[in-house]
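Reviewing the structure listed below.
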Amino acid sequence: MVMKTTERSYSVAAVALVIVMALYLVALFSTVSDLKLIPSLSLSQGMFQQTWESIKIDKPPQDTTSSTIICDRSDTNYDLCSINGLCHLDIRNQTITLMDPTFAASAPIVEKIRPYPRKADNWIMSKIQELTLTSGPMGLTRSCDITHDSPAIVFSAGGYTGNIYHDFMDGFIPLFITANVIYPDRDVILVVANPREWWMPKYMEVLGAFSKHKPILLENENASVTHCFTSATVGLISHGPKAINSTRLPNSKSLEDFHNLLDKAFNTNIPTFKIQKPRLILISRYGNIGRVILNEEKVKEMLENVGFEVITFRPTGTTSMREAYELIKSSHGMVGVHGAALTHLLFLRPGSVFVQVVPVGVGWVANCYGSPAKAMKLEYMEYSIDVEESSLVEKYSRDDLVLKDPIAFSRKDWGVTKKVYLKEQDVRLDVNRFRNHMNKAYEKAKLFMDLNG
């Protein structure tokens with residue numbers, strides 16, 4: 001009898017232990033739902049063991065239990081708000097209202113947000129439209145002029161828009177990340193604050209790759225029309241200078257996938273006829289903007305002697321995006337001095353060659369283009385100029401800290417770097433020294449051409 005009682009006690013204890021462990025596991029995984037588990041190898045006691053490490057992944061701030069507004073303000077680059085439920089956009093007062101079935105029993109929610117991913121830049125953020133997110137009664141549905149059966153992504157096309165680097169790094173790439181994190185493979189409506197008159201015509205094809213619907217612009221001429229959405233995300237997720245950190249996306253999308261989206265936008269085909277020479281795009285800077293190649297014609301002649309077909313590309317604010325994309329995608333390489341026009345590297349085919357000429361004092365910011373180039377799987381090369389190739393030698397003594405130790409002089413301060421090393425400096429390349437560098441680029445471009453046309 002004692003034996004049976006003891007066995008029964010052990011059985012009850014075992015069952016209790018299983019229940020406790022199950023509850024523990026449920027609690028554990030509910031707290032790490034924003035972590036991606038990845039396998040890694042570690043050396044333990046002389047043997048390789050597979051372990052699991054966690055990497056934080058982006059996810060929308062949301063409460064799936066009720067209609068509500070939740071804002072995540074923890075990132076240094078951006079704020080992100082989710083309106084989880086039917087919502088009403090009033091362009092006149094820049095307000096998006098959640099239609100809350102429990103509104104009568106609770107105080108209204110009120111959040112303010114400037115939907116531009118440069119949160120730490122107080123000067124530029126002051127120029128971004130501030131939107132109000134609030135809650136209201138369900139009766140607002142009667143005031144919807146247009147009811148959409150899709151969610152909205154609301155963002156600003158203000159700020160530094162107009163500079164192609166910022167158009168993509170603060171605009172379209174964060175939009176790509178946000179769409180893939182929150183609404184993967186779903187139809188969305190784009191709602192745009194601070195639209196410039198030229199912006200939508202210039203980027204219409206790119207916008208069309210994100211949504212089949214015409215974007216809604218938050219401007220006075222549209223103020224008389226109200227819109228309602230199934231839900232909304234306000235703000236854009238930014239990964240900073242790295243452009244896209246694929247380990248943070250649930251579907252592991254990369255900068256190559258963004259390039260594929262541009263392919264979809266412009267529907268570009270590479271010519272099938274036999275090409276004899278690798279085509280090299282030479283990005284040309286001109287005017288009093290700094291970092292101009294003063295001996296550009298000699299450089300172009302040298303590049304042609306190396307074996308390239310050289311096409312000089314001088315982008316302007318009115319340059320057609322389609323024409324730029326078709327030209328650069330058909331090439332086998334691109335070269336240019338550090339500057340916003342190098343953002344066109346996003347148009348190159350993965351595997352082609354990209355050479356960044358890095359002026360004196362600019363090395364610490366060269367990764368703005370180096371990092372995306374590597375993420376795009378381009379054959380990335382840097383040519384750092386010597387002091388003698390900089391026009392600053394005509395203004396400063398060679399013993400001046402400006403030339404002797406640019407890092408010590410600028411202390412990696414953006415204002416100093418911009419004023420002295422970006423605005424005041426042009427380059428006169430040592431053609432023979434540069435030729436040695438470009439001979440290697442030619443071999444890589446020739447191999448890419450032979451393999452890919």
Sulfur-sulfur distance C228/C87 under 2.5 Å: no

Check ion pair D263-K329 (N to O, under 4.0 angstrom): yes

E309 CD: over 12 foreign heavy atoms closer than 6.0 Å: yes

Exercise: do S410 and D413 side chains pair donor with acceptor under 3.5 Å: no

Atom pair OG1/CZ of T343 and F172 - distance to nearest 0.5 Å: 12.5 Å

Interatomic distance, S238 atom OG to R118 atom CZ [nearest 0.5 angstrom]: 7.5 Å

Between W198 and T318, a side-chain donor and acceptor under 3.5 Å: no

Donor-acceptor contact present, side-chain Y369 to main-chain G339, <3.5 Å: yes

Non-hydrogen side-chain atoms of Y286 and R314 separated by less than 4.5 Å: yes

Test item: R435 and V306 side chains (from C-beta on) under 4.5 Å apart, heavy atoms: yes

Donor-acceptor pair, side chain of R322 and main chain of F266, under 3.5 angstrom: yes

Cationic N near anionic O, under 4.0 Å, E388 to R398: yes

Backbone of I128 reached by a side-chain donor or acceptor of R114 within 3.5 Å: yes

Crowding at CZ, R92 (>12 non-hydrogen neighbours, <6.0 Å): no

N-O pairing of K300 and E296 below 4.0 Å: no

Under 3.5 Å side-chain donor-acceptor pair for T132 and T134: no

Side chain proximity check, L133 to L98, heavy atoms < 4.5 angstrom: no

No-hydrogen, no-angle side-chain donor-acceptor test under 3.5 Å, H239 and N77: no

Sub-4.5 Å side-chain heavy-atom contact between L403 and L392: yes

Value rounded to 0.5 Å, distance of CG in N163 from CZ in F168: 11.5 Å

Carboxylate-amine/guanidinium proximity below 4.0 Å for D386 and R433: yes

I311 and L282, any side-chain heavy atoms less than 4.5 Å apart: no

Check ion pair D399-K404 (N to O, under 4.0 angstrom): no

H332 side-chain N/O to G453 backbone N/O, donor-acceptor pair under 3.5 Å: yes

Side-chain donor or acceptor of K119 paired with backbone N/O of R73 under 3.5 Å: yes

Between S156 and N194, a side-chain donor and acceptor under 3.5 Å: yes

Under 3.5 Å: donor-acceptor pair, side chain of D426, backbone of V292: yes

Parallel, tilted or perpendicular: ring planes of F176 versus F210, cut at 30 and 60 degrees: perpendicular

S352 side chain to R349 backbone, donor-acceptor under 3.5 Å: yes

Whether H148 and F229 hold their rings parallel, tilted or perpendicular, with breakpoints at 30° and 60°: parallel

Y116 and D121 side chains, donor-acceptor separation under 3.5 Å: no

Flag if over 12 foreign heavy atoms under 6.0 Å of CG, D149: no

D185 CG: over 12 foreign heavy atoms closer than 6.0 Å: no

F347 and H344 aromatic ring geometry - parallel, tilted or perpendicular at 30°/60° bounds: perpendicular

Donor-acceptor side-chain pairing of S330 and R279 below 3.5 angstrom: yes

Flag, side chain of E443 to backbone of K440, donor-acceptor distance under 3.5 Å: no

Cationic N near anionic O, under 4.0 Å, E389 to R428: no

K202 to W199, cation-pi by 6.0 Å centre distance and 45° axis angle: no

Flag for N84-S82: side-chain donor and acceptor within less than 3.5 Å: no

Side chains of Y421 and S390, donor plus acceptor under 3.5 Å: no

Check: Y380/Q356 side-chain N/O donor and acceptor closer than 3.5 Å: yes

N/O donor-acceptor pair under 3.5 Å between T161 side chain and G158 backbone: yes

Side chains of Y160 and D167, donor plus acceptor under 3.5 Å: no

Where P117 and L236 come nearest, the two heavy atoms and their spacing: CB-O, 4.0 Å

Nearest heavy-atom neighbours spanning D187 and S211: OD1-OG, 4.3 Å

Polar side-chain atom of D257 near backbone of K253 as donor-acceptor pair, under 3.5 Å: no

